[in-house]
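Below you'll find the structure, written out as structure tokens, and then a few comments.
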2 protein chains.
Amino acid sequence: MKRNKKDRQSTLKETIEAKPFITDDALAKIFDVSIQTIRLDRMELNIPELRERIKSVATNNWNETVKALPIDEVIGEIIDLELDRRAISILDITAEHVFSRNNIARGHHLFAQANSLAVAVINDELALTANASIKFTRQVVEGERVIAKASVAGTEKTNRTVVEVHSYVDNETVFSGVFAMFRSNQEKEGNES
Amino acid sequence: MKRNKKDRQSTLKETIEAKPFITDDALAKIFDVSIQTIRLDRMELNIPELRERIKSVATNNWNETVKALPIDEVIGEIIDLELDRRAISILDITAEHVFSRNNIARGHHLFAQANSLAVAVINDELALTANASIKFTRQVVEGERVIAKASVAGTEKTNRTVVEVHSYVDNETVFSGVFAMFRSNQEKEGNES
DNA sequence: TAAAAATTATGACTAGGTACTAATAGTAAT
DNA sequence: ATTACTATTAGTACCTAGTCATAATTTTTA
């Protein structure tokens, strides 16, 4: 089944991620295109050749000793902040954020970035996430820079503030979430210690 | 370091076992013999060529992780796991997990525990979170032990598996979430023409 | 319809081999 | 000394799964 380029490329990516031991030739047959098209696709998607993929699978598990990866302060860097209105942060995805097997960023890092941004945008000493509805729209891989933009959508009846966060890589949405934040004081009055 | 054949071959075997990513060329230089000698040696010792060695390292580890994620990629400690059915993990909240101001655990740690448990319970080589709906029902403070219980709720139309996770402190619910997990290994064939 | 994008084709080259043949060097036995 | 044998080295053709560059063709879009 011939599909368009974008469609094919995203499926291709998934196919290779799911089955990294497949050759270009086999892929060409699956997608019913020439082997050159597959290679162009790989080039555009920055997917290395078969042998490199095999090698990376092998080496990743080879250094199994160096894997602990704690999640201390994986919040990203806040580069813009207007309290109770909006905030922006950047998180560069590095090796410590991804699954060793496929280089895809683990969901909780994207969540952590968004969630901590939602906390930061609240002009209050005590802001906690009450609940959230989130969506991972596209996988993020090592080397990509995730830009999270939070905007305060409004306040619910109870002392909850709703914050919408959208995260992008190259203007493409990778994550979005709506966070209902619990806050102790309303608005900007509370500044006791 | 020229030695006799037997000596060289046993050392060769050890060398390759210790460092399977070495080429015949490099081995020839190490043992100060020709590349053909190395190849004869490999043949006699039934040692496959470099690429096959790499591949076998890769597939070995791949198979290890087919059934479940490596435990150290899970946030919290998994104490019970029945693939595609349920899983339980424990996370002790320490100083590194809390806001310094109020000792309340940061949301993303609870999320990370639940999310990685949802990934681990999936009986697939590649499981990713597609979206999630989560709720923080009670604050967790330093010193408390969070027990997360995941149960596979079922599979949606597309290759998504729904996992419900409830986290408790002393039988009190502190977090709950429904995770829609994307899984790769559904063998979607039939892409003809 | 012309321009742009996507695809396919082609050739030259590479790494890291296999498989095979042949030549050479050293040693041991007769 | 000749023969037999082992170990080593050399060289060729071929293989897979690619890269890189260029060009031609097809398809899509403005």
Side-chain angles (χ1 to χ4, degrees), chain A residues 1-62 101-103 138 141-143 169-172, chain B residues 1-63 125 191-193:
Chain A
M1 150 193 353
K2 291 245 191 189
R3 358 149 90 98
N4 63 37
K5 192 183 178 183
K6 204 158 193 174
D7 204 6
R8 185 191 59 235
Q9 286 195 343
S10 72
T11 315
L12 179 76
K13 201 171 178 182
E14 287 167 18
T15 306
I16 293 178
E17 269 158 15
K19 210 180 163 189
F21 292 54
I22 194 166
T23 63
D24 288 357
D25 194 60
L27 288 164
K29 271 155 196 158
I30 287 174
F31 290 97
D32 194 22
V33 294
S34 72
I35 202 167
Q36 290 81 358
T37 301
I38 296 293
R39 284 169 181 168
L40 279 171
D41 285 349
R42 274 200 302 101
M43 222 168 288
E44 286 174 21
L45 297 168
N46 279 320
I47 297 172
E49 64 164 289
L50 170 66
R51 288 156 189 153
E52 294 307 313
R53 294 196 302 267
I54 293 177
K55 204 188 291 182
S56 97
V57 169
T59 50
N60 277 343
N61 299 357
W62 216 43
R101 273 204 319 285
N102 49 33
N103 277 355
R138 132 147 145 49
V141 298
E142 185 174 350
V169 171
D170 293 330
N171 288 323
E172 198 178 348
Chain B
M1 49 154 144
K2 288 244 191 193
R3 2 151 89 96
N4 62 39
K5 191 183 178 184
K6 206 158 194 173
D7 204 4
R8 185 192 58 235
Q9 286 195 345
S10 74
T11 316
L12 180 74
K13 198 172 179 179
E14 287 166 20
T15 306
I16 292 178
E17 266 158 16
K19 211 180 161 188
F21 294 65
I22 194 166
T23 63
D24 287 358
D25 194 60
L27 288 164
K29 272 156 195 157
I30 287 173
F31 290 96
D32 194 20
V33 293
S34 72
I35 202 167
Q36 287 81 359
T37 301
I38 296 294
R39 284 170 181 168
L40 279 172
D41 285 349
R42 274 202 299 105
M43 224 167 286
E44 286 174 21
L45 296 168
N46 278 319
I47 297 172
E49 63 163 290
L50 170 65
R51 290 156 190 150
E52 294 307 313
R53 294 197 302 267
I54 293 177
K55 203 189 290 184
S56 98
V57 169
T59 48
N60 281 344
N61 294 349
W62 187 264
N63 289 339
E125 40 194 323
N191 282 340
E192 310 306 334
S193 178

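Heavy atoms only: backbone and side chains are in, while hydrogens, waters and symmetry mates are out. As the structure is a prediction and not an experimental result, all values here were calculated from the model. Letters A, B, ... mirror the listed sequences (proteins, then strands); counts begin at 1.
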Atom pair distance, as rounded to whole Å: [atom1] in [X] and [atom2] in [N]:
X: A:E52; N: C:dT14; atom1: CD; atom2: C1'; value: 13 Å
X: B:L40; N: C:dT18; atom1: CG; atom2: P; value: 11 Å
X: A:F31; N: C:dT8; atom1: CZ; atom2: P; value: 13 Å
X: A:M43; N: C:dA5; atom1: CE; atom2: P; value: 18 Å
X: A:L27; N: C:dT8; atom1: CG; atom2: C1'; value: 17 Å
X: B:I38; N: C:dG17; atom1: CD1; atom2: P; value: 11 Å
X: B:D41; N: C:dG17; atom1: CG; atom2: P; value: 14 Å
X: A:D32; N: C:dA6; atom1: CG; atom2: P; value: 18 Å

What's the separation between atom [atom1] in [X] and atom [atom2] in [Y], rounded to the nearest 0.5 Å?
X: B:R51; Y: B:T23; atom1: CZ; atom2: OG1; value: 11.0 Å
X: A:E44; Y: A:K6; atom1: CD; atom2: NZ; value: 11.5 Å
X: B:I38; Y: B:D24; atom1: CD1; atom2: CG; value: 7.0 Å
X: A:L45; Y: A:L40; atom1: CG; atom2: CG; value: 10.5 Å

Just wondering, do B:D25 and B:K29 contact through their side chains at under 4.5 Å, heavy atoms? yes
Look for any protein N or O under 3.5 Å of an N or O in nucleotides 22-29 of chain D and output each such pair with its distance, or none.
none

Which of B:L27, B:D41, B:I30, B:T15 passes side-chain contact (heavy atoms from CB on, under 4.5 Å) with B:R8? It is B:D41
Think B:R8 has a side-chain N or O under 4.0 angstrom from the OP1 or OP2 of D:dT8? yes
Does any N or O in the side chain of B:R39 come within less than 3.5 Å of the main-chain N or O of B:E49, such that one atom is a donor and the other an acceptor? no
I'd like to check the side chain to side chain contact (heavy atoms under 4.5 Å, CB included) partners of A:E172; sequence neighbours left out, ordered by chain and number. A:R138
Return a single string for nucleotides 10-18 of chain D, one symbol per nucleotide in 5' to 3' order, where B is base contact, S is sugar-phosphate-only contact and - is none, cutoff 4.0 angstrom on heavy atoms. BB----BBB
